[in-house]
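For clarity, every value in this text was computed on a predicted model and none was experimentally measured. To find a chain, count down the sequence lines: A is the first, B the second, and so on, and within it residues start at 1.
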2 protein chains.
Amino acid sequence: MGEQEGTCRVRGHPHETAACEHISRMLERISDKWTLLVVRALGNGPLRFNALKREVGGVSQKMLASTLRGLEENGFVLRTVTQDMPPMVEYALTDLGRDFGNPVQTFADWVIRNSERIEASRAAYAERRSVR
Amino acid sequence: MGEQEGTCRVRGHPHETAACEHISRMLERISDKWTLLVVRALGNGPLRFNALKREVGGVSQKMLASTLRGLEENGFVLRTVTQDMPPMVEYALTDLGRDFGNPVQTFADWVIRNSERIEASRAAYAERRSVR
DNA sequence: CGGGATCCTTATCGATACTG
DNA sequence: CAGTATCGATAAGGATCCCG
């Protein structure tokens with residue numbers, strides 16, 4: 001492993017702000033296939049592991065488990081065990097997690113508003129590639 | 001957080017909301033190590049390939065090339081060849097690419113504002129883990 | 001039911017070499 | 001200068017088994 005001290009330029013030259021460093025780190029943490037989908041799924045209220053798995057759809061238990069651990073680590077999700085046998089575990093958004101939903105929603109809204117332009121660009125690009 | 005109706009499922013699974021689908025796809029496209037750093041680097045104006053490489057720092061030519069192709073495909077970046085020998089290629093943000101900076105900035109601002117809480121959560125989590 | 005441990009497949013990425 | 005092509009290391013992810 002041996003991860004070096006974080007710089008904005010992830011592995012190269014230092015300099016640049018601490019801000020960049022934070023953003024870059026956060027992006028690496030949440031920019032996987034499932035994190036935001038899980039946050040959205042929990043937006044309607046707490047869910048148990050398998051209910052959440054069903055709700056998100058297409059996620060393996062391994063990935064859901066590790067995604068949840070990541071969210072827990074960031075303080076976005078609270079894990080509560082209410083029973084021991086059989087295990088009964090509920091996941092809920094924390095205040096921070098709910099608050100996090102706002103910038104995510106802003107991003108989501110932008111994507112929705114611009115999805116046609118983006119898809120058009122991609123179609124045009126594919127066109128250019130195949131013609132050329 | 002404003003919700004759409006319907007269950008959010010990932011591609012290839014039933015009952016996906018179109019919105020969720022778009023968001024999920026966009027996230028997959030931009031959520032790599034370099035895309036946002038390149039967008040930021042181009043925020044100050046057009047740059048040539050190697051200048052951009054220097055500016056971003058730590059990126060391999062392979063990753064920079066493929067990142068740029070992705071951005072070009074989405075319509076965020078315009079590639080302009082002004083000379084043939086030696087090649088002289090400039091990359092610049094399009095209007096869409098610049099506009100894209102806004103939601104990203106919103107996200108970035110949130111991260112900055114909350115980075116202490118997040119880091120505190122992570123420290124607490126690490127603590128719990130080691131003590132436990 | 002929740003989720004750790006293991007194995008195995010696949011996608012990512014970096015380094016290197018080569019071209020117009 | 002601005003890339004493409006190829007190769008090998010390694011990390012991410014899925015499938016399966018098992019245990020509390």
Side-chain angles (χ1 to χ4, degrees), chain A residues 1-4 9-13 24 27-38 41-42 46-73 77-92 125 128-129 132, chain B residues 9-13 24-25 27-35 37-38 41-42 46-73 77-92 125 128-129 132:
Chain A
M1 301 298 181
E3 198 54 33
Q4 78 179 92
R9 291 49 207 297
V10 182
R11 276 196 128 203
H13 330 304
S24 184
L27 279 170
E28 272 175 54
R29 281 170 197 155
I30 66 151
S31 67
D32 56 87
K33 203 167 182 170
W34 307 112
T35 295
L36 294 184
L37 297 178
V38 168
L42 289 177
L47 286 172
R48 295 176 61 178
F49 188 86
N50 281 317
L52 188 52
K53 186 166 183 297
R54 252 171 276 121
E55 189 66 23
V56 172
V59 64
S60 66
Q61 60 86 328
K62 179 183 177 178
M63 288 317 296
L64 181 54
S66 88
T67 298
L68 284 169
R69 252 172 274 125
L71 285 168
E72 219 194 322
E73 203 172 348
V77 159
L78 185 68
R79 177 177 182 273
T80 316
V81 184
T82 52
Q83 211 178 313
D84 262 6
M85 197 52 84
M88 152 73 164
V89 182
E90 256 197 5
Y91 293 93
Y125 184 88
R128 249 176 286 145
R129 288 253 114 188
R132 161 81 264 292
Chain B
R9 309 252 160 159
V10 154
R11 305 215 287 300
H13 291 263
S24 182
R25 268 209 296 261
L27 280 170
E28 272 176 53
R29 282 170 197 155
I30 66 151
S31 66
D32 57 87
K33 203 166 181 172
W34 306 112
T35 294
L37 295 179
V38 169
L42 289 177
L47 286 173
R48 295 176 61 178
F49 189 86
N50 280 318
L52 188 51
K53 186 166 182 298
R54 252 171 276 119
E55 189 65 23
V56 171
V59 65
S60 66
Q61 52 85 328
K62 178 184 178 179
M63 289 317 295
L64 181 55
S66 86
T67 298
L68 283 169
R69 254 172 274 126
L71 285 167
E72 218 192 325
E73 203 172 347
V77 158
L78 186 69
R79 177 177 181 273
T80 315
V81 184
T82 53
Q83 210 178 314
D84 261 6
M85 198 48 95
M88 152 73 163
V89 182
E90 256 196 5
Y91 293 92
Y125 184 88
R128 250 176 284 143
R129 289 254 114 188
R132 206 252 81 166

*Please state how far atom NZ in B:Lys53 lies from atom P in D:dA2, giving the value in whole angstrom units.*
11 Å
*CE of B:Met88 versus P of D:dA2: gap in Å, rounded?*
8 Å
*asked:* For C:dG3 and A:Arg79 - does any side-chain N or O of the residue sit under 4.0 Å from the phosphate oxygens OP1/OP2?
replied: yes
*So which one's nearest nucleotide on DNA chain D is more toward 5', B:Lys62 or B:Phe49?*
B:Phe49
*Atom-pair distance (CG on A:Leu47; C1' on C:dC1), nearest Å*: 15 Å
*Between A:Ser60 and A:Pro87, who's closer to the 5' end of DNA chain D by nearest nucleotide?*
A:Ser60
*Rounded to 10°, tell me the angle between the two end axes of the helix from C:dC1-D:dG20 to C:dG20-D:dC1, each built from five pairs.*
40°
*Think A:Arg69 has a side-chain N or O under 4.0 angstrom from the OP1 or OP2 of C:dG4?*
yes
*What integer distance in Å separates B:Leu68:CG from D:dC1:P?*
16 Å
*asked:* What's the closest nucleotide to the side chain of A:Ala65 if the choices are C:dG14, D:dG3, C:dG3?
replied: C:dG3
*Round to the nearest Å and state the distance from A:Lys33 atom NZ to C:dT10 atom P.*
15 Å
*Does B:Leu37 reach the side chain of B:Val59, with side-chain heavy atoms less than 4.5 Å apart?*
no
*If you look at every heavy atom in B:Ala41 and B:Glu55, which pair is closest and at what distance?*
CB-CG, 4.0 Å
*How long is the line joining CD of B:Gln61 and P of C:dG14, in whole Å?*
11 Å
_I want to check something: taking the side chain as every heavy atom from C-beta on, are B:Leu71 and B:Leu42 in contact at a cut-off of under 4.5 Å?_
no
*Residue-phosphate contact under 4.0 Å: B:Tyr91 side-chain N/O, D:dC1 OP1/OP2*: no
*If we only count heavy atoms from C-beta on, is the B:Tyr91 to B:Val77 side-chain gap below 4.5 Å?*
yes
*So, for B:Leu64 and B:Phe49, which heavy atoms are closest and what is the spacing to 0.1 Å?*
CD2-O, 3.7 Å
*Nearest-angstrom distance from the residue atom CD of A:Glu90 to C1' of C:dG2*: 13 Å
*Are side-chain heavy atoms of A:Arg69 and A:Glu73 found at a separation under 4.5 Å?*
no
_Minimal non-hydrogen separation, A:Arg48 against A:Glu90, with atom names_ = CG-CG, 3.8 Å
*asked:* Nearest whole Å is fine: how far is D:dA2 P from B:Gln83 CD?
replied: 10 Å
_Check the phosphate of C:dC1 against A:Arg48, side-chain N and O only, distance under 4.0 Å to OP1 or OP2. Yes or no?_
no
